[in-house]
K.L.:
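Attaching a single structure in structure tokens format; questions to follow.
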Amino acid sequence: FLVTAALSSALPHLRALAGMGDAQIPTRLLPMALAAGQRDVLALLLRPLFADASSDRWQLLAAFLDTLAASGKELRTLHKSDDELATQLRRLPDLLARARHSFADDSASLKQRLAPAQALLRHADTRDATLSRLAEELATATNPADWRLLADTLADTGAPSLHGTLLGQWPALTPAQRQHALGVLTTRPAWTLDLLVSLDSGRIRPAEIDPTRRLALLNHSDKKLKERAAKLFNTASSPTRASLVEKHLHALKLPADTARGHAVYQRACAACHQHGNEGLAIGPHLASVAAHEPEKLLANILDPNLDIQP
């Protein structure tokens, strides 16, 4: 509270506030110092960037680059004076090189490596290469927590290519990862449109969208996205769906393969249905349909909207 109160009347006292020990002070004062053109205060705030013992270096660099972007100013405009700030900015390429080295250090934890990555993502010279590296790591991540952290980091960048990265991985994602991916893809209208296009093309099946997410799409604030979702999630079974069921009736005569069936369940059904201790309890538990006729099961698999009862 005291810090917030001080910041509300900070402009005449920026230098004094910049010298306070609170690690969050520099990031809060950067916009004011930049707007006021107080280069000496900016230099004071940025000194931790070049202190070897600074644990907040990358967070501060990211905040500084964000502040510049928000103000519409470019780095080169701050180089025009021969003072401490100009000297610091001349050292920025070396600092970015250190950030790249830290990001590429596979001996460090992912969380440690993502700190410099946040700064690299905010600089025009390093953004694309960093996005590419993060996308590669997302594609090969085997630890669920690491995958989620990488997905969230990429989502925070707003990169237009993220939808392609996530949708490209879709067949190999676990049910939990698919739910998280859907959460990411529905945070921005452009990504939501790409999701609906993938649903329309069959790349993702409507049945793979859980009821909560489906309802959110059907009530989207964007009228065009809402209308497109309504067409995709039409609750009436169409003649096309009916013919699709008839076309696949022959599959009921094939010999059963429980191993392959389990693999299909993990890939396509577990996002909404539990089987034993697996899957998510969004739709009916599969034990509740064990007594159903094979034809009914086939129809409900191919046309999930035909019958919402177990």
Side-chain angles (χ1 to χ4, degrees), residues 3 18 20-31 42-70 75 88-166 168-169 172-174 176-181 183-185 187-188 191:
V3 171
M20 292 176 63
D22 191 325
Q24 298 301 317
I25 286 290
T27 58
R28 296 176 181 180
L29 292 183
L30 281 170
L42 276 174
L44 182 58
L45 293 171
L46 295 178
R47 282 179 189 172
L49 289 178
F50 307 98
D52 291 337
S54 174
S55 60
D56 302 308
R57 173 190 293 117
W58 306 124
Q59 179 185 353
L60 177 57
L61 179 55
F64 173 57
L65 295 173
D66 276 344
T67 300
L68 275 176
L75 272 171
Q88 289 174 334
L89 295 180
R90 285 194 290 270
R91 297 175 60 187
L92 188 58
D94 291 336
L95 192 61
L96 290 172
R98 293 180 66 178
R100 286 195 295 268
H101 182 269
S102 296
F103 177 44
D105 183 6
D106 292 331
S107 65
S109 69
L110 178 62
K111 187 175 181 179
Q112 291 172 321
R113 294 175 51 242
L114 287 180
Q118 293 288 359
L120 294 170
L121 286 166
R122 289 161 167 79
H123 195 280
D125 293 344
T126 54
R127 177 179 169 85
D128 288 346
T130 306
L131 281 173
S132 179
R133 172 71 183 261
L134 288 171
E136 290 172 5
E137 294 197 22
L138 182 70
T140 57
T142 56
N143 181 293
D146 285 352
W147 184 91
R148 186 178 183 125
L149 189 54
L150 286 162
D152 288 343
T153 300
L154 284 166
D156 287 342
T157 69
S161 60
L162 178 60
H163 75 278
T165 301
L166 290 175
Q169 287 189 316
L173 296 182
T174 66
Q177 287 174 331
R178 288 185 178 185
Q179 291 303 307
H180 194 71
V184 169
L185 292 171
T187 57
R188 295 173 184 262
W191 293 345

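In this text the structure is predicted, and so the values were computed from the model without any measurement.
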K.L.:
Under 3.5 Å, is there a donor-acceptor pair between the side chain of Gln59 and the main chain of Asp56?
P.N.:
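Not at all, since once roles are kept as given, no pair shorter than 3.5 Å links the two residues.
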K.L.:
Applying the side-chain contact (heavy atoms from CB on, under 4.5 Å) criterion to Leu120, which one of Leu65, Leu96, Leu61 satisfies it?
P.N.:
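Filter result, single survivor: Leu96.
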K.L.:
Roughly how far, to the nearest 0.5 Å, is the CD atom of Glu136 from the OG1 atom of Thr165?
P.N.:
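Answer rounded to 0.5 Å: 10.0 Å.
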K.L.:
Nearest 0.5 Å, what's the CG-CG distance between Leu166 and Leu185?
P.N.:
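Answer for the CG-CG pair, Leu166 versus Leu185, is 5.0 Å.
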K.L.:
Please evaluate residues Phe64 and Leu45 with respect to the criterion side-chain contact (heavy atoms from CB on, under 4.5 Å), reporting the C-alpha separation (whole Å), side-chain torsions for both, the decisive distance (0.1 Å), and the verdict.
P.N.:
CA-CA 10 Å; Phe64 173 57; Leu45 293 171; over 6 Å; no
K.L.:
With a 4.5 Å limit on heavy-atom distance, are the side chains of Leu30 and Leu60 in contact?
P.N.:
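Result yes, sub-4.5 Å side-chain heavy-atom pair found.
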K.L.:
Could you tell me if the side chain of Thr130 sits less than 4.5 Å from the side chain of Thr157, heavy atoms only?
P.N.:
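In short, these two side chains do not touch, never coming nearer than 4.5 Å.
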K.L.:
Strictly distance-based, threshold 3.5 Å: is any side-chain N or O of Ser102 a donor or acceptor partner for the main-chain N or O of Ala99?
P.N.:
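Between the backbone of Ala99 and the side chain of Ser102 there is no qualifying donor-acceptor contact (under 3.5 Å).
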K.L.:
Look only at the side chain of Arg127 and the backbone of Arg122, and say whether a donor-acceptor pair between them is shorter than 3.5 Å.
P.N.:
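Looks like no, no N/O pair under 3.5 Å.
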K.L.:
Can you tell me how far apart CZ (Phe50) and CZ (Arg91) are? Round to the nearest 0.5 Å.
P.N.:
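Answer rounded to 0.5 Å: 5.5 Å.
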K.L.:
For a side-chain contact (heavy atoms from CB on, under 4.5 Å) check, start with the C-alpha distance between His180 and Asp152, then their side-chain angles and the critical distance, and finish with the verdict.
P.N.:
CA-CA 9 Å; His180 194 71; Asp152 288 343; 2.7 Å; yes
K.L.:
Go through Val184 and Leu154 one step at a time and tell me if the side-chain contact (heavy atoms from CB on, under 4.5 Å) criterion holds.
P.N.:
CA-CA 10 Å; Val184 169; Leu154 284 166; over 6 Å; no
K.L.:
Which heavy atom of Leu44 sits nearest to which heavy atom of Arg47, and what is that distance?
P.N.:
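Taking every non-hydrogen atom into account, CD1-NH1, 3.3 Å.
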K.L.:
Which pair of heavy atoms, one from Trp58 and one from Ala115, lies closest together, and at what distance?
P.N.:
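Nearest heavy atoms, Trp58 then Ala115: CB-O, 3.3 Å.
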K.L.:
Before you tell me yes or no, could you show the steps for Phe103 and Leu121 under side-chain contact (heavy atoms from CB on, under 4.5 Å), namely the whole-Å CA-CA distance, both residues' side-chain angles and the distance that decides it to 0.1 Å?
P.N.:
CA-CA 11 Å; Phe103 177 44; Leu121 286 166; over 6 Å; no
K.L.:
For the CG atom of Leu134 and the CZ atom of Arg113, what is their distance to the nearest 0.5 Å?
P.N.:
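Spacing of CG (Leu134) from CZ (Arg113) equals 8.0 Å.
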K.L.:
What are the two closest non-hydrogen atoms of Leu46 and Gln88, and how far apart are they?
P.N.:
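The answer is CB-OE1, 3.7 Å.
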K.L.:
Arg98 side chain to Asp94 main-chain N or O, any donor-acceptor pair under 3.5 Å?
P.N.:
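No.
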K.L.:
Find the distance between NZ (Lys111) and OG1 (Thr153) and round it off to the nearest 0.5 Å.
P.N.:
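The distance works out to 11.0 Å.
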K.L.:
To the closest 0.5 Å, what do you measure between CG (Leu110) and CG (Leu149)?
P.N.:
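Leu110 atom CG to Leu149 atom CG measures 5.0 Å (nearest 0.5 Å).
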K.L.:
Do Asp105 and Gln112 make a side-chain contact, defined as non-hydrogen atoms from C-beta onward lying under 4.5 Å apart?
P.N.:
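They are not in contact (no side-chain heavy atoms under 4.5 Å apart), so the answer is no.
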K.L.:
Can you name the nearest heavy-atom pair linking Leu49 to Arg57, along with the distance?
P.N.:
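For Leu49 and Arg57, the tightest heavy-atom pair comes out as O-NE, 2.8 Å.
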K.L.:
Quick check: closest heavy atoms across Leu150 and Ala141, and the distance to 0.1 Å?
P.N.:
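Shortest heavy-atom contact: CD1-CB, 4.1 Å.
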K.L.:
Is there a side-chain contact between Leu162 and Leu131, using heavy atoms and a 4.5 Å cut-off?
P.N.:
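Leu162 vs Leu131: side chains apart.
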K.L.:
Does any N or O in the side chain of Gln169 come within less than 3.5 Å of the main-chain N or O of Leu138, such that one atom is a donor and the other an acceptor?
P.N.:
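Present.
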